[in-house]
Amino acid sequence: MSEILKSSQKMNALKENVEIFLPENGLEQKLEQAERENRKLVIKLGFDPTAPDLHLGHAIVLKKLKQFQDLGHRIVIVIGSFTARIGDPTGKNKSRPPLSKEDVAVNAQTYVNQLSKILDVSRCEIVYNSDWLDTLQLSEMIQLLSKVTVAQIMHRTDFSKRFQENTPIAMHELFYPIMQGFDSVKIQADIEMGGTDQLFNCTMGRQLQETEGMSPQIVMCMPLLRGTDGHEKMSKSLNNIIGLTDEPNEMFGKIMSIPDTLLPDYLQLVTDFSQAEKQEWLEKLAQGENPMTLKKAIALNVIGQYHNEAEAMKAQEFFAQRFQSKTFQEKNFTPVSLQELEGIESEVTVIDLCKLLLQNESKANLKRLIEGGGVTVNDEKVLGAQEKIKLETATKIKLGKRHYFELV
RNA sequence: GGGGAGAUUCCAGAGCGGCCAAAUGGGACGGACUGUAACUCCGUUGUAGUGAUACUUCGCAGGUUCGAAUCCUGCUCUCCCCA
């Protein structure tokens, strides 16, 4: 029995929050293999440098990588600088604007910065797949393509679904999984990680490695975290993410706004709690504990991870004051200096004031907000966009659910 | 290569010469209720304007008409069937 396998506890930790192992006992095999050959495993994580905002969904995978990193294995981050130009087929059928080299470089850098929230980046190997894909000859490409059948590619649910629904599939999209698989060949990956949506792409790596006479990588897929809307997977383009770099107050609010049905998932996947603590929480819930209590605990825990405990406490207080206090006057208002509201008379219309405070909103939109009863000034609802109000200090203004200002 | 269908506002999807800034549903936003949860109910959902209204929008470019998302021509793209 190997040293590592002796510790079943360690093994359990490595397996926690992994939804799919391919093959099922692959991890054990790889660890034994590594030990036998007296080397460290190469663990691959790929990403598209398109939307470099990492969120709690990514964190699940990154934490898993971190565990392996702590055991001394080699973490190889493959930046899809070439494949980004193809675009991972999403079924959304939106043609992606091609990224320039500069875009890729900038995105990759911000990505790496964010990785450092979880991983020790100095001990990660970061490679760009354009390094080998840019120079790939057509003949080599065809050689590669000959290893894969159409039936296999169409097996990917995304493709078969679109095909059945008569939505377009461009030829180049079919190449994406093959490219990704080729990356695994190039870096000689032992393990590839990703979300469950990456299962197909990752298995491509296994197949291609085998045809190259390599021992195929194993695949570990983490569950997909659902976003703040409670339904769709967390994704920047769906605008439902909680970003790793979000401000504490922002994070707190977003976590408080997730539907209760997501709580067990969040408890399990995004918190630092021990299994025992998680179990305890679930029991409390079952006994009728207000889910809000757990939500707060999760929020505190998460902010503790990505900021620190003091910030977390501050965010909780902020939240309580601004959103949970019952009376208008007690709420927490963001100060806005009167001087900063450049060149205004002492009296303005409500609509103009709103525009100054929320410059990104169109006036038509703000007008609707006012007429819909979403604007309150000094505890009084203002329904006329043209009403004049005096600009004086201590004027308190609420715009919609989330924006609170006080003139100072 | 041949034949047919189609491209509509965030999405799905009606409209097929004026009553169309464009039905309906979803989403989003706001309000009431609440725990920034869910449920339910109500309102809003192109931009600018106090308003009358003006402007931009129905794949792209032209044309017919007093008037076009709606008709015509060309182009681009998609789907289906046949080869």
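Labels below follow one simple rule: chain letters A, B, ... track the order of the sequence lines, proteins then strands, and each chain is numbered from 1. Heavy-atom basis, side chains included; hydrogens, waters and symmetry copies ignored.
Taking atom NZ on K363(A) and atom C1' on U50(B), their separation rounds to 11 Å, with Å as the unit. Rounding to whole angstrom units, CG of residue N239(A) and P of A28(B) are separated by 10 Å. Whole-Å rounding puts the M292(A) CE to A37(B) P distance at 11 Å. Nucleotide G31(B) holds its P atom 7 Å from the NZ atom of K381(A), rounded to whole Å. The NZ-P distance, from K296(A) to U36(B), rounds to 8 Å in whole Å. Note: CD1 (I370(A)) to P (G31(B)) measures 13 Å, nearest angstrom. A straight line from CG of L366(A) to P of U44(B) spans 18 Å, rounded to a whole angstrom.
With M220(A) as the partner, the side chain to side chain contact (heavy atoms under 4.5 Å, CB included) test is satisfied by one option alone out of I20(A), L22(A), V18(A): V18(A).
Residue G373(A) is in sugar-phosphate contact alone, with no base atom involved, counting any heavy-atom pair closer than 4.0 Å across all strands shown. Using a 4.0 Å heavy-atom criterion, one finds that I258(A) contacts the sugar-phosphate atoms exclusively.
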Run the salt bridge (Lys or Arg N to Asp or Glu O under 4.0 Å) check on E28(A) and K15(A) step by step: do they pass?
CA-CA 10 Å; E28(A) 288 87 343; K15(A) 287 187 159 187; 2.8 Å; yes
Please test D190(A) against K40(A) for salt bridge (Lys or Arg N to Asp or Glu O under 4.0 Å), starting from the C-alpha separation and ending with a verdict.
CA-CA 9 Å; D190(A) 289 298; K40(A) 294 303 180 184; over 6 Å; no
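With a 3.5 Å ceiling on both atom-pair distances, the Watson-Crick or G-U wobble partner of A61(B) is U73(B). Pair check for C79(B) finds G4(B); Watson-Crick or G-U wobble, both atom distances under 3.5 Å. Partner assigned to G35(B) is none, using Watson-Crick or G-U wobble distances below 3.5 angstrom. In this structure, C55(B) and G46(B) make a Watson-Crick or G-U wobble pair, each of the two defining distances being under 3.5 angstrom.
Rounded to a whole angstrom, the distance from the C1' atom of A12(B) to that of A32(B) is 30 Å. Rounded to whole Å, the C1' atom of U70(B) lies 10 Å from the corresponding atom of C20(B). Here, A5(B) and C10(B) have their P atoms 29 Å apart, quoted to the whole Å. For the C1' atoms, the distance linking C77(B) with A28(B) amounts to 29 Å, nearest Å. The gap from the P atom of A23(B) to that of G74(B) amounts to 32 Å, rounded to the nearest Å. Rounded to the nearest Å, the gap between the C1' atom of U24(B) and that of U78(B) is 25 Å. Separating the C1' atom of A52(B) from that of G59(B) is a span of 35 Å, rounded to the nearest Å. Rounded to whole Å, the C1' atom of G18(B) lies 14 Å from the corresponding atom of C71(B).
For U47(B), the OP1/OP2 oxygens have a side-chain nitrogen or oxygen of R368(A) closer than 4.0 Å. An OP1 or OP2 oxygen of U36(B) is reached within less than 4.0 angstrom by a side-chain nitrogen or oxygen of Q324(A). Between C80(B) and N166(A), a contact under 4.0 Å exists linking OP1 or OP2 to a side-chain N or O. At U47(B), one or more side-chain N or O atoms of S362(A) fall inside 4.0 Å of OP1 or OP2 (strictly under the cut-off). At G30(B), none of the side-chain N or O atoms of K398(A) fall inside 4.0 Å of OP1 or OP2 (strictly under the cut-off). When the side-chain nitrogen and oxygen atoms of K367(A) are compared with OP1 and OP2 of C29(B), none of them lie within a distance under 4.0 Å.
Listed nucleotides U36(B), A37(B), U78(B) differ in distance to P168(A); the shortest reach to its side chain belongs to U78(B). Of the candidate nucleotides A48(B), G35(B), G31(B), G31(B) has the atom lying nearest to any side-chain atom of K401(A). With G31(B), U36(B), A38(B) as the choices, the nucleotide that has an atom nearest any side-chain atom of R402(A) turns out to be U36(B).
Between I118(A) and Y306(A), the closest side-chain pair of non-hydrogen atoms falls below 4.5 Å.
Between the side chain of D260(A) and the base of G35(B), at least one donor-acceptor pair of N or O atoms lies under 3.5 Å.
Two rings, from F328(A) and F333(A), have their centers less than 6.0 Å apart.
Annotation: cation-pi pair K278(A)/W281(A) absent, no NZ/CZ under 6.0 Å from the ring centroid and within 45° of its normal.
Take the nearest nucleotide of RNA chain B for L369(A) and for Q386(A): the residue whose nucleotide is more 5' is L369(A).
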